[in-house]
Amino acid sequence: MRKKIVAGNWKMNKNYAEASVLMFQLLEYKKNNPTNCEIFIAPPSIYLTTAKEIFADKEIGIYAQDMSEYPSGAYTGELSVEMYQSIEIDGSIIAHSERRLYHGETDSHANRKVKALLDAGLTPIYCNGETLEQRKNGQHFEVIKNQTQVALFTLSADEIKKVVIAYEPVWAIGTGETATPEQAQEIHAYIRSLIAEKYGKEVADEISILYGGSVKPDNAKEIFSKPDVDGGLIGGAALKLEDFSKIIEAFNP
Ligand code: 13P
């Protein structure tokens, strides 16, 4: 059975005190509430070691938001897989649309980063998704196919099974406009079919595919109810326990 996951991408938000408060609130919440999904957070990297200390018993998964494709060296400002490994976090988000947009990240970069994480025994959360223009032009299937193939299809079957995929249509991120549950399901099923074609149905069925883009307490249940949607990658609504916990509870019966 593939995992159900609710992951919070904090992006570039919160100072140290605010980040610590939210982590302690999440710890308290997790201790007092049985959940039907795994919970991950991806705080700014400067707080990853704090997160490791607060969630010392691995109550929730700790992820970075990006990583260098290089192992070490003269790459000012970058963070390596070995650094993440050495502080024992669980993995990293890769190829978020904001990294693509503001930092020129491509699926070739993503491919190398995903492989580096897997080689180190860490989990990549690989993001893809089309822009509004691409969707309006009816190119969304083609875009998703190309992104998925370039970023992931050099992996072995055993490797790709360990990747978490997040479908995040760019037009739905931070805009308040969400893909309908049917639109999410359509693309998730399509991604799974691409993987099934290349690696077989058994492999495809093991991969968690999360939806991201304006997931909120009032729409999470309907989106997560779709058969190929295995959870969410949450931006804005992950910044307050009140909202994030309601999204986690969307998996409760
Ligand atoms: P929002 O939930 O704020 O739309 O962000 C989604 C996202 O980009 C998560 O990675």
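None of these values were measured; they are calculated from a predicted model. These values consider heavy atoms only, across backbone and side chains, with no hydrogens, waters or symmetry-generated copies. Counting convention: from 1, in listed order, for ligands and their atoms alike.
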Does some non-hydrogen atom of G213 fall short of 4.0 Å from ligand 1?
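Heavy atoms of G213 do come under 4.0 Å of ligand 1.
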
Can you establish whether the number of heavy atoms outside E133 located under 6.0 Å from its atom CD is more than 12?
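At most 12 heavy atoms, drawn from other residues, nucleotides or ligands, come within 6.0 Å of this atom.
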
For the CD atom on E142, are there more than 12 heavy atoms of other groups (residues, nucleotides or ligands in this structure) within a distance under 6.0 Å?
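Check fails, neighbour count at 12 or below.
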
[X]-ligand 1 polar pair, N/O distance under 3.5 Å:
| X | result |
| --- | --- |
| G235 | yes |
| N9 | yes |
| I173 | no |
| L233 | no |
| T175 | no |

Can you list the atoms of ligand 1 that are under 4.0 Å from a heavy atom of [X]?
| X | answer |
| --- | --- |
| H96 | 7 (C), 8 (O), 9 (C), 10 (O) |
| S214 | 1 (P), 2 (O), 4 (O) |
| G236 | 1 (P), 2 (O), 3 (O) |
| K11 | 5 (O), 6 (C), 7 (C), 8 (O) |
| A172 | 4 (O) |

Test of understanding: with ring pair (Phe, Tyr, Trp, His ring centres under 6.0 Å), list the residues that count as partners of H140, not counting sequence neighbours.
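Counting only residues at least two positions away or on another chain, H140 forms no ring pair (Phe, Tyr, Trp, His ring centres under 6.0 Å).
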
Identify each donor-acceptor pair in which a side-chain atom of residues 69-78 lies under 3.5 Å from a protein atom, sequence neighbours left out, and give them as a table.
unit_1, atom_1, unit_2, atom_2, d
E69, OE1, R112, NE, 2.4
E69, OE1, R112, NH2, 3.2

Intermediate values then yes/no, side chain to side chain contact (heavy atoms under 4.5 Å, CB included), N15 and E18:
CA-CA 5 Å; N15 64 28; E18 292 162 348; 3.2 Å; yes

Using a strict cut-off of less than 4.0 Å between a Lys/Arg side-chain nitrogen and an Asp/Glu carboxylate oxygen, indicate whether K246 and D243 qualify as a salt bridge.
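Not counted as a salt bridge, because no side-chain N and carboxylate O are separated by less than 4.0 Å.
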
Are E168 and H96 linked by a side-chain donor-acceptor pair shorter than 3.5 Å?
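Yes.
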
Have a look at D66 and tell me which of R100, K113, K11 forms a salt bridge (charged side-chain N to carboxylate O under 4.0 Å, His left out) with it.
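It is K113; the other options fail the test.
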
Nearest non-hydrogen protein atom, atom 9 (C) of ligand 1
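Looking at atom 9 (C) of ligand 1, the protein heavy atom closest to it is E168 OE2, 2.9 Å.
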
